[in-house]
Each structure stands twice: as C-alpha cells, then as structure tokens.
Amino acid sequence: MRVGRQRPPRRDVVALPTLSRYTWLTWLAIGGAYLLDRRVPALGPVDFAFPATMNAIQPAGTPMACLPDDPAAGRAGALVLPHGAALRRHLREVAGAHLDEVFKACRGLVGRGMPVLWAMATDQATAALWRVGRSSRGDTWAADAAIGVLPGVTPPFVGEGRFERASTGGGPVRRRQTCCRYLTMGGQACACCPRCAQGRPIRQPVRGSG
C-alpha cells in the first residue's frame, strides 16, 4: 500500500488502524454476544482468527458467563453471575484481558502508549456495541447500552461510551476520543472523529440509563 507521494507508509501508520480494527472485532464478538444473548464468551487472542477478510471467528464450545435465568446456566463450565451489573463487569474484564495481551505485544509496533491504546479501545467498544444495538433495537437503546457497559471510571478503559445530541434535536451522535489514523493511509476521517469536531454546532451529552 502506498499513499501520498508514492512512498510506503510508516510501519506505525499501518499498524494502528489494523489494531483499531482488531479491537473493534474483539468487542463485536464478545460485546455482541452480551447485547444479543446476555452472555459473555471467554475469548482470548488464541481463540480468534484474523484473516485478510478482517473477520473474527468464535470457535464452538467456548466457555461463557450468563445470568441465572439463562437456559444455558445449567451447562457444564458456565459461569453464572447474580445480576446485570456483575455481567457487565465481567464483560469488561474478559475484553480487557484479551486486549491487554494484544496491546502489550503490539505496543512497540504502533508507537503509542497504553493510555492512548485504552482510549482507542473505549472508542472501538462503543462503536461495536453501537453497531449491534442499532441493528437490534434502535439508536437510543444502543446508546444507553454502550454507556451502561462503559459509564466511565472503568479501568483499564479510558473514558466512557460517548454520545451527543445536536442542540437542534435528533438522535444520539457517537463521538470518539481518538483518531484511528485511517485517513493517513488515504482514507477519509470518520464522521465521529475528534479531528472533525471543530466548527460543528454545540452538542449536549447524552445520558444513558445504565
């Protein structure tokens, strides 16, 4: 891949968008199962395939956590948690442990410190939950669900699931903390990128129901 003046991009310029995409897929697999089925599969890096098509694959028979009223609660190996807050905490722990291993392995390659990577992880978690939630139950529910999983002050994740609403009305608008640098490889900046925020109408924070 060549950009700009036909020069190969720097290694970190390519690595960061790739890691950002991997983080999104991690949350799509783990967080998607949580939103759709209220289950948290115990997926580590070795449980993922990451081919050129950028798909994440969940193997059959993965241990998972669930709530007491889930029909799967009686399965061998199921971790039954008492309530929704405990399951959300477990979701963050599973995804956090997965990404911590990947981030430590890739830190030198991407040229970014861990706080930046965890802020990116918060952005990508929000994006994945938003994608699944919008497809299943609509924009407002998706925003509330993402904020419920990432309400802020949930280390190692930095910040919260961030949504805003235009002062003139309308549905939630997702806002990122970080830039994935995809635009440095010849792409366009995302509409929710902080690089695009200046000059837009003032927006009000969206508060989720948790």
Side-chain angles (χ1 to χ4, degrees), residues 15-51 53-59 62-66 81 84-107 110 112 114-139 141-163 172 174-182 190 192-193 208 210:
L16 187 60
T18 302
L19 183 60
S20 179
R21 180 69 171 177
Y22 179 92
T23 304
W24 183 79
L25 289 170
T26 299
W27 269 98
L28 197 67
I30 301 175
Y34 164 77
L35 285 189
L36 296 176
D37 298 321
R38 285 297 186 266
R39 297 175 181 175
V40 178
L43 293 174
V46 297
D47 300 315
F48 269 40
F50 194 50
T53 52
M54 305 294 271
N55 293 321
I57 301 174
Q58 177 180 340
T62 301
M64 53 85 188
C66 62
L81 297 172
L87 192 63
R88 287 192 295 273
R89 182 170 58 250
H90 185 70
L91 168 61
R92 291 190 295 267
E93 290 171 352
V94 170
H98 181 128
L99 293 172
D100 185 61
E101 188 173 342
V102 174
F103 288 172
K104 286 178 178 176
C106 297
R107 182 179 176 181
V110 300
R112 297 291 187 276
M114 293 298 276
V116 173
L117 294 183
W118 284 113
M120 179 266 290
T122 304
D123 287 336
Q124 293 301 74
T126 304
L129 295 169
W130 174 242
R131 170 69 65 85
V132 175
R134 292 180 73 190
S135 299
S136 60
R137 296 180 63 177
D139 290 4
W141 186 89
D144 286 350
I147 295 170
V149 172
L150 294 164
V153 196
T154 52
F157 298 97
V158 176
E160 62 184 359
R162 184 175 298 179
F163 293 86
R174 186 168 63 86
R175 180 68 66 214
R176 295 177 59 94
Q177 302 179 75
T178 62
C179 175
C180 69
R181 308 288 177 177
Y182 177 68
C190 306
C192 56
C193 180

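Values in this document were obtained by computation on a predicted structure and should not be read as measured data. Atom set for the values below is all heavy atoms of this structure, side chains included, hydrogens, waters and symmetry mates excluded.
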Quick one, Ser136 and Trp141 - any side-chain contact, counting heavy atoms below 4.5 Å? yes
Taking every heavy atom of Leu43 against every heavy atom of Ala29, the minimum-distance pair comes out as CD1-CB, 4.1 Å
Please examine the side chains of Trp130 and Asp139, heavy atoms only from C-beta on, and report whether any two atoms are closer than 4.5 Å. yes
Are side-chain heavy atoms of Arg89 and Leu81 found at a separation under 4.5 Å? no
CZ of Arg88 to CD of Glu93, rounded to nearest 0.5 Å, is 13.0 Å
Atom CZ of Arg39 and atom CD1 of Ile30: how far apart are they, to the nearest 0.5 Å? 15.5 Å
Closest non-hydrogen atoms of Leu35 and Ala145, given as atom of the first, atom of the second and distance, are CD2-CB, 3.8 Å
I'd like to check Trp27 versus Leu91 (side-chain heavy atoms, cut-off strictly below 4.5 Å). Are they in contact? yes
Heavy atoms, side chains only, cut-off 4.5 Å: are Phe103 and Val110 in contact? no
Determine whether Leu16 and Leu117 make a side-chain contact, defined as any pair of heavy atoms from C-beta on separated by less than 4.5 Å. yes
What pair of heavy atoms forms the shortest contact from Ala128 to Leu28, and how long is it? CB-N, 3.7 Å
Sorted by chain and number, sequence neighbours left out, side chain to side chain donor-acceptor pair (under 3.5 Å) with Asp100 holds for Lys104
Is the His98 to Tyr22 ring centre distance short of 6.0 Å? yes
Taking all heavy atoms of Gly32 and all of Val132, pick out the closest pair and write down the distance. CA-CG2, 4.1 Å
Calculate, to the nearest 0.5 Å, the distance between atoms CD and CG belonging to Gln124 and Leu19 respectively. 9.0 Å
Distance-minimising heavy-atom pair for Met120 and Ser20: SD-CA, 3.7 Å
Applying side chain to side chain donor-acceptor pair (under 3.5 Å) to Arg92 and not counting sequence neighbours gives none
What are the two closest heavy atoms between Ala121 and Leu99, and how far apart are they? CB-CD1, 4.1 Å
Verify, without hydrogens or angle tests, whether Thr122 (side chain) and Val158 (backbone) share a donor-acceptor contact under 3.5 angstrom. yes
